[in-house]
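First the proteins, then the strands, lettered A, B, ... as listed; each starts at 1. Values below: all heavy atoms of this structure, side chains included; hydrogens, waters and symmetry mates excluded. No experiment lies behind these values; they were computed from the predicted model shown.
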Amino acid sequence: MEKVHTKDLGDIIMEIYLEKANELVGVVKIVGRVDSSTESKLKKEFMNYLNDYKKFVFDCSELDFIDSSGLGALLSCLKNATKAQGDLYIANLLPKPRMLFEITRAYKVFDVFDDLDAAIASFE
Amino acid sequence: MKCLINCVDVESSWLKDVMPGLFPHFLRILNKPLLEYFIDFCALNGIADIRIVKSDPTAEMENYFSSGPQKGLNISYVMGKAGDSLQKVILKNSRFCQDDDLLIIDGFFFLNYHKDKIDPEYLPLSEPASLRGGAAEDIYFMPRGSKFGEIDFSTAHRLFPDLTISELASVQAYYQLNQKILTQQQDNYFLPGYSNKSGEFIGKNVAFNAHHSNFEKPFMIGNDVQLHDNCQILANSVIGNNVIIDSATTISGSIIYDQTYLGSNLEIKDKIVYKNFLIDALSGEYFQIADKFFISQIDRVLENSFYRFIQKSLALLALIVGLIPYALSLIFLPFSKLKFSKTEFYENSDGTKIFLPQVRISKSNFCNRWFFRFALDKYPLLLKVLRGQLDLVGNRPIPANSYGKIILEKVDNYHPAVIGYPEIYASNFADNNFLLHEIYFNYHCSLQVMFKTIFLFSFNRFFSVRRYYQNGFFSG
């Protein structure tokens, strides 16, 4: 996959990478934590990514921690993607963040995939 | 006949990780501490004199079991030392052990028995016997007059031929044991709660809306539980004591520990919830929930709103009264050589950190002594009480460093405060009694103790500056 844009958000708490899966799908890799201190940066950065893509897969294979603010940020990203006639899938959730998705029933809102390639393929 | 239960030196690293602060023998098996199953077993075998050797310095165990009169038992407690061999434990309790037949329960395990099938005439035996579990789980029987070190238990008879030991070696083993008892062995043990129908155990003072709640057997609910509208308690769920479950939340196949709040619209399936730890019962993976409105621990007295209101009122009063002296002290700052800084401390037991303003008194001179007498070094912290970030009286804030982390693990129910209870004894982190003072406060916290602490703190600060100086409170 071609890395088209890298954004280090200035601290070690969270990093976001936009990677190009194909012409249609942008893969956003989230590294670190998504909580109240980083959620606004994620939302802001995602709005920039929307200029390039409409369909996204969030690769959460290195997302260590997420709280309610983080879930809210993901929901905001999903809302903005669907508003732009696109969609947003989640892939590669680690066991700990997955537990939060389970208890809050967030998996009913998001399409959660075990595998990144499967998530990308499901857009085609 | 007597029984010695050794609860010291328990090997249970999984428990330390996923349920920090829980004394291993207080691990709940269907809302009942593991230790209580041992005590029931002793009672069923006609043993009335029980000694528990424990490592937990708090009075939690004594408060829970007392001295055992309600079960017709005589329970005594002694502190043990980690690392002691069983032989040494028996020697240390030789007066208790020497003059009668002795059953010894040693280790962290579950004993599978059926209350109706225990023969009360089985004990005492005429010869030594043992029931060996895994690496560190054993039960021994020693006839009167025999010495533990002189018996070869490897060739001894098997004790209780019909009984088996279940190891509690992992989260999964613990969870499966709970499920097995709830689904198949309810009649084997004395279980807490009223039970009109098979598979339903409901404690005292359980409030729920019968028209908007759904229950599926088997389940167990402890005492003082509130279930809000549209809650579902599905099969194989165990809800502890003093639990609040908010509306439209579904629990299935899960264990919810005492003192827990579960937010609304959650789905807890095959999980164990302890404080704010969410533990996957099938994989053993755990996750600390940061949002209190999802999952949190209901604290006992410290969270009480009236208690907090009193604390905030007193803090506001102190802020008003101390305003002029503190302003004057700032005027004399160049002469006093006070050092103002911000240091990172732990905000709560979860390891969340907070920066607190610190005034360091590096030198004992006239100005500084009066500054210290009036406790003006605490003045900047009072605002944090109004914001709800600190208590007025509680634990001394623990610095967020590697040493502090060790202390944090030992102070259960940690609440940092402007006035730390150990300070009335001029006790600081280097003091051996520091931790005992902290733990004592957490288990005896009340309005009376709070006022007493404020009075003693003010009195000692004003009249015993020299004592604080000697104990290192004036430092650079």
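For a residue to count as touching a neighbouring chain, one of its non-hydrogen atoms must lie under 4.5 Å from one of that chain's; by this rule B:L262 does not touch chain A.
Between B:F287 and A:L100, the shortest heavy-atom contact is CE2-CB, 4.0 Å.
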Produce the donor-acceptor pair table for chain B versus chain A, cut-off under 3.5 Å.
unit_1: B:A248; atom_1: O; unit_2: A:R105; atom_2: NH1; d: 3.3
unit_1: B:T250; atom_1: OG1; unit_2: A:R105; atom_2: NH2; d: 3.0
unit_1: B:N265; atom_1: O; unit_2: A:R105; atom_2: NH1; d: 3.3
unit_1: B:L266; atom_1: O; unit_2: A:R105; atom_2: NH2; d: 3.4
unit_1: B:E267; atom_1: N; unit_2: A:I103; atom_2: O; d: 2.7
unit_1: B:E267; atom_1: OE1; unit_2: A:R105; atom_2: NE; d: 3.3
unit_1: B:E267; atom_1: OE2; unit_2: A:Y107; atom_2: OH; d: 2.8
unit_1: B:K271; atom_1: NZ; unit_2: A:E102; atom_2: OE1; d: 2.8
unit_1: B:D291; atom_1: OD1; unit_2: A:S68; atom_2: OG; d: 2.6
unit_1: B:D291; atom_1: OD2; unit_2: A:S68; atom_2: N; d: 2.7
unit_1: B:D291; atom_1: OD2; unit_2: A:S68; atom_2: OG; d: 3.4

